[in-house]
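The basis for the numbers below is simple: all heavy atoms, side chains too, and nothing from hydrogens, waters or symmetry mates. Numbers here are sequence positions counted from 1.
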Amino acid sequence: MRVCFVTPFAWSQPHDVNEHVAGVADALRELGHEVTVLAPSTRASDLLAGRRVVHGHREARDVVAVGPAVPISRRSQMGVPVGVRANLRLALARGRFDLVHAFEPGLPSLSYLALRETEALTVATFCSVDRLGYPPARSQREKLLARTDALLALSEPIRDAARERFPGDYEVVSPGVSLDLFAPVEKRRRITVELRPNERPGARGVLRALRELSSWEAVLLRATPLVARPAIPRDLAARVTVRTGRDGPARAAVLRETSIFVPGADGMARVLLEARAAGCAIAAATGIEQQPELAGAAAARLAEDHELCAREQRAARESVEGDSFAAVAGKLDELYTRLTRRRRPVARRVEDPLTDRPWIVADLHMHTSWSFDCAVDPAELVDHAQAEGLGAIAVTDHNVFGGALETLDEARGRDLIVIPGEEIKTDNQGEVIGLFLEREIPRGLTFADTIAAIREQNGLVYLPHPFDRMHAIPDPATLHRHVADIDVLEVYNARLLFEAQNDEALRFARKYDLTMGAGSDAHVLQGVGTGALRMRSFRDPEEFMISLRSAEILRRPKSLAYLQSLKWVAQVKEKVR
């Protein structure tokens, strides 16, 4: 599988997200996947090589720099530069990826844009609670979720925080660690303290305890930038050192020989995971977040009890056996496989059994006076449809079936196919149209039960205006959960206010190889046929689905304001009567 990882952080600089990306990418390559990482960079040579790849002058390597790094945060108002956006779009198009996996899309960054731009299957991973501020508008977040096929989080707290802003079904995966890089070696009598901004009391507590541990040394480990060098008491200067470990190899050099590790109260999850992988006993105590000074007492207890320290070291190493990059890649491999199964298998090219049938124009979504918001008489509808040159219409009144049956009776003996249908309001997940129905389906059922009721009549599931937020529509999780149940997805609805919503439906249908439909959603005669398909004539649902495979979408819109005003006038006249 061709997989694209997108990270918003400069690949040329150490970053915990990039360490996760690099480790998992290497493990996926060992499983046989082709993985390309798209990232910004601050290194001129990376940018030059990336430009050559983007413009087709060189084959893509493991990492492609698509532009210079810009400062990003959830409070940032700075957008991604236009040139970088263009490079990203070209890279995604040239890569022809089967799946795009973006990290930290809750920032105004490459990751967010990649999920919006690609037509491949998509996965989003949230890595931090502090990076969930974008996009600001709810409609933008819903559009992002609609284009995202799977949601991941690197811990349960991150999952819970992400779920509040980006609702959906999440899977929790480990940040991952290299068990080989952090394999324990012979331990020194060393206590390593994760030095964090504004967490000096914890370090001071360890230093006070160190005075009573004459044969022990301490390392103050700075894993993030902007952490000032703390003041070290003169009597401990020979036994305390300050080390900087911005990346895995630098931290491994310290942690592999460390006996006891003291994590920061607000420390990095990756550093704690690495300490466990290195076989360090973790100095933790109840209430350490409120009283950081307790860290010194917890470290002293382990240092004075050698058997306890050894047990904790073994337990720490054993606890991360399932957190290796290989294990994370295995879970992602299973996830990717599940996602690819959502796509409809591409039908083999066979001779079209309907080649002897004439071409007709079919409008698959319209209403009659049986709908509460329409005044079109079924007999007039049949006359008008024939006058407009339509060969087939689907009558889909709101939550009633009588209009479809009456129209079917009016069309008997005429050269017009009428598909009896109903537009059914679900409990809280929008509307579903059933085509080729035999009887009415009640409103208010769940989305799944509505589909089951259509299937019970051997009808077809037609999903109208799936991304029109002016209507009630299924949320992204429901849409993705039932994508295999959709027989026809409406990719053109002539009554939508924003054409981008039709484009979104077309993108979704192409991603999953769904059969496409179109309709006018007409509530007045003048709107009939403004959205339709050119397709082969058919006699039953099976031939209808076969014919749709070679159908052509016809966009023949009229002024929406004009059609809507006619609808309102007709409704007023009906009330006056």
Side-chain angles (χ1 to χ4, degrees), residues 354 356-424 431-441 454 457-462 464 487-488 490 492-495 515 517-548 551-554 556 558 563 566-567 570 574:
L354 304 180
D356 59 331
R357 304 288 180 82
W359 291 95
I360 62 172
V361 175
D363 185 339
L364 303 183
H365 186 177
M366 64 183 63
H367 300 270
T368 72
S369 56
W370 286 70
S371 285
F372 69 92
D373 57 352
C374 181
V376 175
D377 182 74
E380 294 179 356
L381 175 61
V382 171
D383 291 338
H384 186 81
Q386 280 198 295
E388 289 292 313
L390 296 180
I393 60 173
V395 178
T396 57
D397 286 319
H398 294 289
N399 307 304
V400 291
F401 193 56
L405 293 178
E406 187 176 340
T407 307
L408 194 61
D409 287 337
E410 292 290 341
R412 293 190 191 283
R414 302 202 190 195
D415 192 17
L416 177 69
I417 301 171
V418 176
I419 303 172
E422 179 187 352
E423 188 168 7
I424 309 144
E431 297 168 312
V432 180
I433 288 177
L435 298 179
F436 296 96
L437 297 182
E438 300 172 352
R439 57 189 179 276
E440 186 174 305
I441 296 173
I454 295 171
Q457 302 183 37
N458 295 317
L460 297 177
V461 176
Y462 179 102
D487 293 309
V488 185
E490 188 173 73
Y492 181 69
N493 182 303
R495 286 188 68 241
T515 302
S520 62
D521 199 359
H523 288 67
V524 294
L525 289 176
Q526 292 82 350
V528 173
T530 51
L533 301 117
R534 183 175 180 268
M535 60 191 296
R536 294 283 187 180
S537 182
F538 53 88
R539 289 179 299 214
D540 53 39
E542 183 178 350
E543 289 187 353
F544 173 77
M545 292 300 296
I546 293 173
S547 181
L548 282 180
E552 175 189 356
I553 306 294
L554 301 179
R556 304 187 293 189
K558 291 183 180 179
L563 295 177
L566 291 176
K567 174 186 172 183
E574 190 69 20

Measuring from atom [atom1] of [X] to atom [atom2] of [Y], what distance do you get when rounded to the nearest 0.5 angstrom?
X	Y	atom1	atom2	value
Phe401	Ile424	CZ	CD1	9.5 Å
Leu435	Asp487	CG	CG	8.5 Å
Glu410	Arg412	CD	CZ	10.5 Å
Met366	Glu423	CE	CD	12.5 Å
Ser547	Glu542	OG	CD	12.5 Å
Leu525	Leu381	CG	CG	6.5 Å

Decide yes or no for [X] and [Y]: does some side-chain heavy atom of the first lie under 4.5 Å from some side-chain heavy atom of the second?
X	Y	result
Ile419	Phe544	yes
His384	Leu390	no
Ile360	Ile417	yes
His523	Val376	no
Ile433	Leu364	no

Closest approach of [X] and [Y], non-hydrogen atoms and distance?
X	Y	value
Ala392	Phe538	CB-CZ, 4.0 Å
Ala494	Gly531	CB-N, 3.9 Å
Ala404	Pro420	CB-CA, 3.8 Å
Glu490	Tyr462	OE2-OH, 2.8 Å
Ala385	Ile393	CB-CG2, 4.0 Å
Asp397	Ser371	OD1-OG, 2.8 Å

For a quick check under 3.5 Å, do Ser369 and Asp377 share a side-chain donor-acceptor pair by atom type? no
Criterion side-chain contact (heavy atoms from CB on, under 4.5 Å) on Thr368 and Glu406, from CA distance to verdict: CA-CA 10 Å; Thr368 72; Glu406 187 176 340; over 6 Å; no
Are any side-chain N or O atoms of [X] and backbone N or O atoms of [Y], one a donor and one an acceptor, separated by less than 3.5 Å?
X	Y	value
Arg357	Arg536	no
Asp521	His365	no
Arg556	Ala532	no
Thr407	Gly403	yes
Glu422	Ile441	yes
Gln457	Glu438	yes
Glu552	Arg534	no

Does atom CG of Asp415 have more than 12 heavy-atom neighbours from other groups under 6.0 Å away? no
Taking the six-membered ring for Trp, are His367 and His398 parallel (under 30°), tilted (30 to 60°) or perpendicular (over 60°)? parallel
With Leu533, the side-chain contact (heavy atoms from CB on, under 4.5 Å) member among Leu548, Val361, Asp363, Leu554: Leu548
